[in-house]
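Before any comments, here is the structure.
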Amino acid sequence: MTASLDLETILNRLLEHLRSMVPFGSASVFLVEDAGLRLVTGRNLRRPDEVLRHIFPLDDALFREICRTSRPLMLEDPAAHPEFKGWGGTQGIQCWLGVPLRQRDEVIGYITLDRYEKIPYS
């Protein structure tokens, strides 16, 4: 994985490897920038043109919670949570997981995993 220093290549390989350990329907990687959260890569996104390389607000409630706790956050029924925005056609997912990406003590982004079946992450 470290043979390439291209960030997008590394993140794509990370998602490929992650899929072999944690099944998901779709996945995204968001990185923090001055302007907000940029969705830099994803897998099986329903409407990639609406989200890839787009910038989303840093004050997103779910991202703030992940930053505050520095721990993964799982929603078993995202549609029931008013904080869930359903960016890029993810309104129909049944389970959502947000995992912080950390560099030392700082959250620099997060990975989101979506399932379209009612199978919670463990």
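Small disclaimer: the values here were computed from a predicted structure and weren't measured. FYI, the numbering just counts along the sequence from 1.
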Looking at [X] and [Y], what are the two nearest heavy atoms and their distance?
{"X": "Leu15", "Y": "Ala27", "value": "CD2-CB, 4.0 Å"}
{"X": "Lys85", "Y": "Pro82", "value": "NZ-O, 4.3 Å"}
{"X": "Thr112", "Y": "Trp96", "value": "CG2-CZ2, 3.5 Å"}
{"X": "Cys95", "Y": "Pro78", "value": "N-CD, 4.0 Å"}
{"X": "Tyr116", "Y": "Ser26", "value": "OH-OG, 3.2 Å"}

Under-4.0 Å salt bridge between [X] and [Y]:
{"X": "Glu76", "Y": "Lys118", "answer": "no"}
{"X": "Arg13", "Y": "Glu8", "answer": "no"}
{"X": "Arg68", "Y": "Glu65", "answer": "yes"}

Roughly how far apart are [X] [atom1] and [Y] [atom2], rounded to 0.5 Å?
{"X": "Ile93", "Y": "Glu117", "atom1": "CD1", "atom2": "CD", "answer": "11.0 Å"}
{"X": "Arg43", "Y": "Leu113", "atom1": "CZ", "atom2": "CG", "answer": "12.5 Å"}
{"X": "Arg38", "Y": "Leu52", "atom1": "CZ", "atom2": "CG", "answer": "11.0 Å"}

With Leu31, the side chain to side chain contact (heavy atoms under 4.5 Å, CB included) member among Leu37, Leu39, Thr41, Leu11: Leu11
Check: residues 97-105 side-chain donor-acceptor pairs under 3.5 Å, at least two apart:
residue : atom : partner : partner atom : Å
Arg102  : NH1  : Ser70   : OG           : 2.2
Arg102  : NH2  : Arg104  : O            : 3.1

Taking side chain to side chain donor-acceptor pair (under 3.5 Å) as the test, write out the residues that go with Glu83, two or more places apart. none
Which side-chain N or O atoms in residues 56-64 pair as donor and acceptor under 3.5 Å with protein atoms at least two apart or in another chain?
residue : atom : partner : partner atom : Å
Asp60   : OD2  : Leu62   : N            : 3.3
Asp60   : OD2  : Phe63   : N            : 3.0
Arg64   : NH1  : Asp59   : O            : 2.3

Under 3.5 Å, is there a donor on one side chain and an acceptor on the other for Ser28 and Tyr110?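 Absent: no donor and acceptor within the cut-off.
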Is the positively charged end of Arg115 above the ring of Phe24, judged by distance under 6.0 angstrom from the centroid and angle within 45° of the axis?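 Judged by the rule (NZ or CZ under 6.0 Å from the ring centre, within 45° of its axis), Arg115 is not positioned above Phe24.
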According to a hydrophobic-cluster definition based on side-chain heavy atoms being under 4.5 Å apart (Ile, Leu, Val, Met, Phe, Trp, Tyr only), do Ile55 and Val29 belong together?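 No, because Ile55 and Val29 fall into different hydrophobic clusters, even though each may have its own neighbours under 4.5 Å.
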Could you see if Leu75 belongs to whatever hydrophobic cluster contains Ile119? Use Ile, Leu, Val, Met, Phe, Trp, Tyr and a side-chain cutoff under 4.5 Å.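 As far as the 4.5 Å side-chain criterion goes, Ile119 and Leu75 are not connected within one cluster.
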Short side-chain to backbone donor-acceptor contact, His54 and Asp49, under 3.5 Å: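 Such a contact is found between His54 side chain and Asp49 backbone.
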Does Phe30 reach the side chain of Val40, with side-chain heavy atoms less than 4.5 Å apart?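 Contact flag for Phe30/Val40 side chains = no.
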